[in-house]
S.K.: 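Before I ask anything, here is the structure I am working with.
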2 protein chains.
Amino acid sequence: MEKLSLRACANRAGVSHGAPKNHFANLAVLQGALATEGFKRFASTMRAHMAGAPADAKSQVMASARGYVAFVEDNKDLFRLMFSMERRLDIYPDLLPASREAYAVLREVSKGLSPENCENPQGQLSTETMLWTFIHGYAILKANKQFYTSNAETGMDPKLEDIFPVFTYLDK
Amino acid sequence: MEKLSLRACANRAGVSHGAPKNHFANLAVLQGALATEGFKRFASTMRAHMAGAPADAKSQVMASARGYVAFVEDNKDLFRLMFSMERRLDIYPDLLPASREAYAVLREVSKGLSPENCENPQGQLSTETMLWTFIHGYAILKANKQFYTSNAETGMDPKLEDIFPVFTYLDK
DNA sequence: TTAAAAAATAGACACTGTCAACATTTCCGG
DNA sequence: CCGGAAATGTTGACAGTGTCTATTTTTTAA
């Protein structure tokens, strides 16, 4: 894997090593810019999956989750970069808004999950936090190929559907 | 935050810049060694919390989860280092065993969760994978201070207890 | 004690990010 | 169209880094 570096970018662009400075003050800013673009595509991917699914709450949740996982699958390095920037969301102007745009998707679908709890802010927070936590954990483990127990037995990552139905209890 | 580097380590040890080479072939190996020690302490922390809790399944699960979170809270950088090595578990001799030792804790407690499913390998795998996924996601988000919605509203991370009871359905 | 093994040293090399001074190009208002 | 201003590119330098080599020192053990 070719490592991300300002000089490598300059090289690939056929430009001198100091040129990137005019566009990105330093390496962290470049990473922030890449992460910003990543979050935008991330949200788009989730929304694209949602658009192709039935409108009911459960389908939308599953579609967004599948979009989430598909993005991670296709952009493992970018995904890691994105969430390695999560503690420096002020490094690039549009990074914080872009990350919230992605989070907003999960907020939206989580709203449909427990309608009777929507009046309770704490309950609503728990639902969306739980959803976020779970999908994020799954994605991280998948991006890092860390499902070793599962892999040892089946040679594959566990399918999202096999562990995700836990949320069906939410709309009972 | 002082960045981890071989030369910085040599400096702090009051030794020449080439000395570490005799103990760690390269930087990745040093990181692997640190991660190995981290996984061992990680498992110890979870087991210590479990030892101080009632023996029933739910208490043990909650205790291990609290140990998990406590470790992350006290060792954020080490935790990130540990799980950034998850794709290179062969870099250091004892790293893979140490990481499995930590995973074994969660496997243990997850066994108590759905006794009637233990005969079904797939069911059992789902339970422990779900538990692992969820706690890991929570820990990552906490380590990266990424509960921004919650923080914006309450100024605090969501408590594990507020989102964790989702698993109570498992032993119904 | 002495030979072998382990550890430390010093120098070199190729990278990296970052900075400053300078040159070039592009753009836009007069 | 032109000329200044802004943007962009260039070059050289510096301090850091990982990594390699040859050499020396220290420790270990037979």
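The sequence lines fix the lettering, A, B, ..., with proteins before strands; numbering per chain opens at 1.
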S.K.: From the list C:dT9, D:dT10, D:dG18, which nucleotide is the closest neighbour of the side chain of B:Val15?
M.R.: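 Shortest atom-to-atom distance from the side chain points to C:dT9.
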S.K.: Just by distance, do the side chain of A:Ser59 and the backbone of A:Ala55 share a donor-acceptor pair under 3.5 Å?
M.R.: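 Answer holds: no.
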S.K.: What residues in residues 18-32 of chain B put a non-hydrogen atom under 4.0 Å from any atom of DNA chain C?
M.R.: B:Gly18, B:Ala19, B:Asn22, B:His23
S.K.: Does B:Arg7 contact D:dG16 through a side-chain donor or acceptor facing the base, at a distance under 3.5 Å?
M.R.: no
S.K.: I'd like to know whether the aromatic ring centres of B:Phe39 and B:Phe83 sit less than 6.0 Å apart in this structure.
M.R.: yes
S.K.: Atom NE2 of B:His17 to atom C1' of C:dG11: distance rounded to whole Å?
M.R.: 7 Å
S.K.: Can you confirm whether or not the ring centre of B:Tyr68 sits under 6.0 Å from the ring centre of B:Tyr138?
M.R.: no
S.K.: Given 3.5 Å as the limit, does a donor-acceptor pair link the side chain of A:Gln60 with the main chain of A:Pro54, or not?
M.R.: yes
S.K.: Could you tell me if the side chain of B:Val69 sits less than 4.5 Å from the side chain of B:Lys142, heavy atoms only?
M.R.: yes
S.K.: Report the residues that fulfil side-chain hydrogen bond (donor to acceptor under 3.5 Å, both in side chains) with A:Asn11, sequence neighbours left out, ordered by chain and then residue number.
M.R.: none
S.K.: Nearest-Å distance, CG (B:Asn11) to C1' (D:dT17)?
M.R.: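 In whole Å, D:dT17 C1' lies 13 Å from B:Asn11 CG.
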S.K.: Respond yes when some side-chain nitrogen or oxygen of A:Ser16 is under 4.0 Å from OP1 or OP2 of D:dT11, and no when none is.
M.R.: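 Checking A:Ser16 against D:dT11: no side-chain N or O falls below 4.0 Å of OP1 or OP2.
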